[in-house]
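Remarks on the structure that follows.
Each ligand, and each atom within it, is numbered from 1 in the order the structure gives.
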Amino acid sequence: MSTQLLDGKACSLALEKKLAERVAALCARTHRTPILATLLVGDDPASATYVRMKGEACRRVGMASLPITLPVTTTTEELLQQIAQLNENPDVQGILLQHPVPAHIDERACFDAIAASKDVDGVGCLGFGRMSMGLPAYGSATPQGIMHLLRAYDLPLCGCHAVVVGRSPILGRPMAMMLLQADCTVTICHSHTKNLAEHLACADLIVAAVGKPEFIRAAWVPDHAIVVDAGYHPGGVGDVELAPLKTRVRAYTPVPGGVGPMTIATLMQQTVMAAEAAFS
Ligand code: NAP
């Protein structure tokens, strides 16, 4: 069986095309343009780039963004006030708080202050709990984008053994819950996991969300596995040593061009859904 490349760039463009049609129809019907507010705290260049890319994606699908940049000295209280104002603003249908915020800010409190109806990046506890229970909710954008990509390629998930490496609130943890909802048998690995290689040896699907360049060695990955690499590091490498796997595994996401574009397209999709709900 030949290896399948899971082309997140192509899949995201196809999704954006459909979203642009939905936005055009919504604007024509309501004479309103959906707006995603983006909150960036501090001057981290990578975060600034991600926020800019999200604003550009809004424009590609016919929406607008409302970029708000706050100084690195912003307090939790000040950020909560800003979020409260955006929650109340009827012109704003989605709110993105770019992760990570500076360490002195209580990020969880700020994520959870975003109104569930505007939490289009899927970062709140309420949405996580609802998603975990199989109830309607905006999913955390990166794992939701990964689910979209796996489904777009019709990969069989029911009954497969998924090993998620990483358990962060916005990636590994919701990923595991989404795969459980898709009837996978899920193993979650983290920094205290013993014998990671042994867990990976019996995986049908591996999601790498570790944040360490090429941490998952190719030798640990079985031939039949589907490999999803959420990592992105300078030099264009991810969290998996991908090069030796490109001819050997069942399917893999490239870095770049795999998970990253799907994250942004999913944020757009959920903003369109929020606007459709708000304008109805
Ligand atoms: P994170 O918050 O730093 O979490 C990393 C996770 O990896 C933690 O759960 C940690 O375990 C686990 N880990 C660390 N060392 C480990 C080890 N030796 N063995 C097993 N697990 C280990 O990172 P994140 O925000 O989830 O991001 C993960 C990666 O995804 C990063 O490369 C990031 O750049 C990328 N990312 C990409 C996108 C995108 O749109 N493409 C979006 C978000 C993140 P503990 O919980 O025990 O500490």
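Side-chain contact between Val221 and Tyr252: absent, with no pair of heavy atoms (C-beta onward) separated by less than 4.5 Å. Taking 4.5 Å as the limit, every side-chain heavy atom of Arg52 sits out of range of all side-chain heavy atoms of Thr38. Contact check for Leu70 versus Gln82: side-chain heavy atoms found under the 4.5 Å cut-off. Here the side chains of His224 and Asp204 are in contact, with some heavy-atom distance below 4.5 Å. Within the 4.5 Å cutoff, the side chain of Leu39 has heavy atoms near those of the Leu86 side chain.
Counting protein heavy atoms only, atom 15 (N) of ligand 1 is closest to Lys212 NZ, 3.1 Å. The protein heavy-atom contact nearest to atom 11 (O) of ligand 1 is Ser191 N, 3.2 Å. The nearest protein atom to atom 12 (C) of ligand 1, hydrogens excluded, is given as Gly166 CA, 4.0 Å; this is a heavy-atom distance. Nearest protein heavy-atom contact of atom 36 (N) of ligand 1 is Ala230 O, 3.5 Å. Protein heavy atom closest to atom 8 (C) of ligand 1, with residue, atom name and distance, is Arg167 N, 4.0 Å. Residue, atom and distance of the protein heavy atom nearest to atom 20 (C) of ligand 1 are His190 O, 3.0 Å. At the top of the distance list for atom 1 (P) of ligand 1, counting protein heavy atoms only, stands Ser168 CB, 4.1 Å. Nearest protein heavy-atom neighbour of atom 18 (N) of ligand 1: Phe215 CZ, 3.1 Å.
Per-residue contacts place Gly260 under 4.0 angstrom from the following atoms of ligand 1 (heavy atoms of the residue considered): 41 (N). Each of the following atoms of ligand 1 lies closer than 4.0 Å to a heavy atom of His233: 32 (O). Close approach of ligand 1 to Tyr232 is summarised as follows: ligand atoms under 4.0 Å from at least one heavy atom of the residue are 32 (O). Which parts of ligand 1 touch Thr263 is read off a 4.0 Å heavy-atom cut-off, strictly below it: atoms 39 (C), 40 (O). Heavy-atom contacts of Gly211 reach the following atoms of ligand 1: 28 (C), 29 (C), 31 (C), 32 (O) (cutoff under 4.0 Å). Set against the non-hydrogen atoms of Val165, the atoms of ligand 1 under 4.0 Å away are 20 (C), 21 (N). Interface of Leu171 with ligand 1, defined as ligand atoms under 4.0 Å from a residue heavy atom, comprises 26 (O), 27 (O), 28 (C), 30 (O), 36 (N), 43 (C), 44 (C). Heavy-atom contacts of Val210 reach the following atoms of ligand 1: 5 (C), 7 (O), 13 (N), 14 (C), 15 (N), 16 (C), 22 (C), 28 (C) (cutoff under 4.0 Å).
Separation of atoms CZ (Arg60) and NZ (Lys17) is listed at 15.0 Å; rounding is to 0.5 Å. We find the NE2-CD distance between His148 and Gln269 to be 6.0 Å, quoted to the nearest 0.5 Å. Atom OG1 in Thr187 sits 9.5 Å away from atom CG in Leu200 (nearest 0.5 Å). Between the CG atom of Leu79 and the CD1 atom of Ile105 there is a distance of 5.0 Å, given to the nearest 0.5 Å.
Counting heavy atoms closer than 4.0 Å to ligand 1, residue Asp239 contributes side-chain atoms (C-beta onward) but none from N, CA, C or O.
For ligand 1, the polar-atom distance check against His192 finds no nitrogen or oxygen pair separated by under 3.5 Å.
In the displayed structure, Asn89 atom CG is contacted under 6.0 Å by more than 12 heavy atoms of other residues, nucleotides or ligands.
If you check each of Val255, Leu267, Thr142 against atom 42 (C) of ligand 1, the one with the closest non-hydrogen atom is Thr142. Remark: among candidates Pro100, Pro213, Ala209, Ala46, the nearest residue to atom 28 (C) of ligand 1 is Ala209, based on non-hydrogen atoms.
No option in Val164, Ile170, Thr142 other than Val164 meets the side chain to side chain contact (heavy atoms under 4.5 Å, CB included) test with Met175. Across Asp239, Val163, Val165, a single residue satisfies side chain to side chain contact (heavy atoms under 4.5 Å, CB included) together with Ile216, and that is Val165.
For atom 33 (C) of ligand 1, the nearest protein heavy atom is 4.0 Å or more away.
Below 30°, between 30° and 60°, or above 60°: for Trp220 and Phe215 the angle between ring planes is above 60°, a perpendicular geometry.
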